[in-house]
2 protein chains.
Amino acid sequence: MKIDINVSGPVPIWRQIEDRIRRAVASGALPPGSVVPSVRELAVRLQVNPATVSKAYRHLVDADVLTVRRGEGTFVGALSAEAVAGLREAELRMVSREYVRAARALGATLGEATGAIETAWEEVNDG
Amino acid sequence: MKIDINVSGPVPIWRQIEDRIRRAVASGALPPGSVVPSVRELAVRLQVNPATVSKAYRHLVDADVLTVRRGEGTFVGALSAEAVAGLREAELRMVSREYVRAARALGATLGEATGAIETAWEEVNDG
DNA sequence: TGTAGTGTGTTGGTGGTGTACGACAGTAAT
DNA sequence: ATTACTGTCGTACACCACCAACACACTACA
């Protein structure tokens, strides 16, 4: 469980946390039923207020991704394998579309767009 | 010159405008020396305040992408062809890395990542 | 030559939304 | 009871977007 956030920039911290957790669940790195870092622990690790982390968790609870047992901790919900797979596919589709939109705006061809991905694939270190 | 913005959502309007203009310049749709829509005109078209557009333009001026001739209008700076190409490449590299980071976080393979791009390429309508 | 008119971008003041914080409340175990 | 953990509540602050008025440049016309 490794999370790094960008404090500056337009996207709120709690949303960054939400996205990371959601992706971790979708990827299988956080299996259903497993425990996620406590609000305080993650807050300390990210140099952030507990309430900020709590807000991200709450959104994920509303989306049925996490469940909270007060006084005990926060856990990944009891999602079926299909639900996890669907979550993953939906996430991948979303980021793909976003990238395609940007690439088209730059006047890139499909080959150029995928080529840029292959190049970036080497450069980006594993999370 | 066609711009659509998302009023809701976390990313500020002025930053959306900044990104669109920058990409238009990088793609060659807005050649060096050409005139960009006036602050007022774009403000009316986007249903937005002139000061908001002005803020976006000012950022692009600071980045040497645009130049302002007060009383006359705002123009794309006198960038060389290499500068434009560099701008385009930098932009493409940035969005590529962002996508790769997300795809890796989802545990996707390179083939799956590029495949998702190809799928999305068909679905996304041209800007 | 000067003066009004229309175009341009810019500035100070204001209201509102939402973030991130410090302090608080609840629960389990010792 | 007390301790140490959990998640949550009210609030100050920052930032965004709006509004109105401003400063500058060119043109038309008398």
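Only heavy atoms go into these numbers, but all of them, side chains included; no hydrogens, no water, no symmetry mates. Letters go in sequence order (proteins before strands), and every chain restarts at 1.
Rounding to the nearest 0.5 angstrom, the gap separating the CG atom in A/Leu110 from the CD1 atom in B/Ile117 is 8.5 Å. A distance of 6.5 Å separates CD1 in A/Ile17 from OG1 in A/Thr52, rounded to the nearest 0.5 Å.
The separation between B/Arg58 atom CZ and C/dT10 atom P is 6 Å, rounded to whole Å. As rounded to whole Å, 16 Å separates atom P of C/dG16 from atom CG of B/Asn49. Rounded to a whole Å, the CG atom of B/Leu42 is 12 Å from the P atom of C/dT8. As a whole-Å value, the separation of A/Gln16 CD from C/dA20 P is 8 Å. What separates CG of A/Asn6 from P of C/dA20 is a distance of 11 Å, to the nearest Å. B/Glu72 places its CD atom 9 Å from the C1' atom of C/dT8, with the value rounded to the nearest Å. In this structure, the CG atom of A/Leu46 is 12 Å from the P atom of C/dA20, given to the nearest Å. Between the P atom of C/dC21 and the NZ atom of A/Lys55 lies a distance of 12 Å, rounded to the nearest Å.
With contacts defined as side-chain heavy-atom distances shorter than 4.5 Å, the pair B/Ile5/B/Trp14 does not qualify. Within the 4.5 Å cutoff, the side chain of B/Thr67 has no heavy atoms near those of the B/Thr74 side chain. Here the side chains of B/Val53 and B/Arg40 are not in contact, with every heavy-atom distance at 4.5 Å or above. Side-chain contact between B/Leu92 and A/Tyr99: present, with at least one pair of heavy atoms (C-beta onward) separated by less than 4.5 Å.
In this structure a side-chain-to-backbone donor-acceptor pair under 3.5 Å is present from B/Arg104 to A/Val124.
Using a 4.0 Å cut-off, some side-chain N or O of A/Thr52 falls inside it from OP1 or OP2 of C/dC21.
Checking C/dT10, C/dC21, C/dC24 against every side-chain atom of A/Arg40, the shortest atom distance belongs to C/dC24.
Bounding nucleotides for the chain B contact on DNA chain D, 5' to 3', at a heavy-atom distance below 4.0 Å, are D/dC16 to D/dA25.
A/Val53 comes within 4.0 angstrom of nothing in the nucleic acid, heavy atoms only.
Both B/Pro50 and A/Arg15 lie close to DNA chain C; mapped to their nearest nucleotides by heavy-atom distance, the more 5′-ward contact belongs to B/Pro50.
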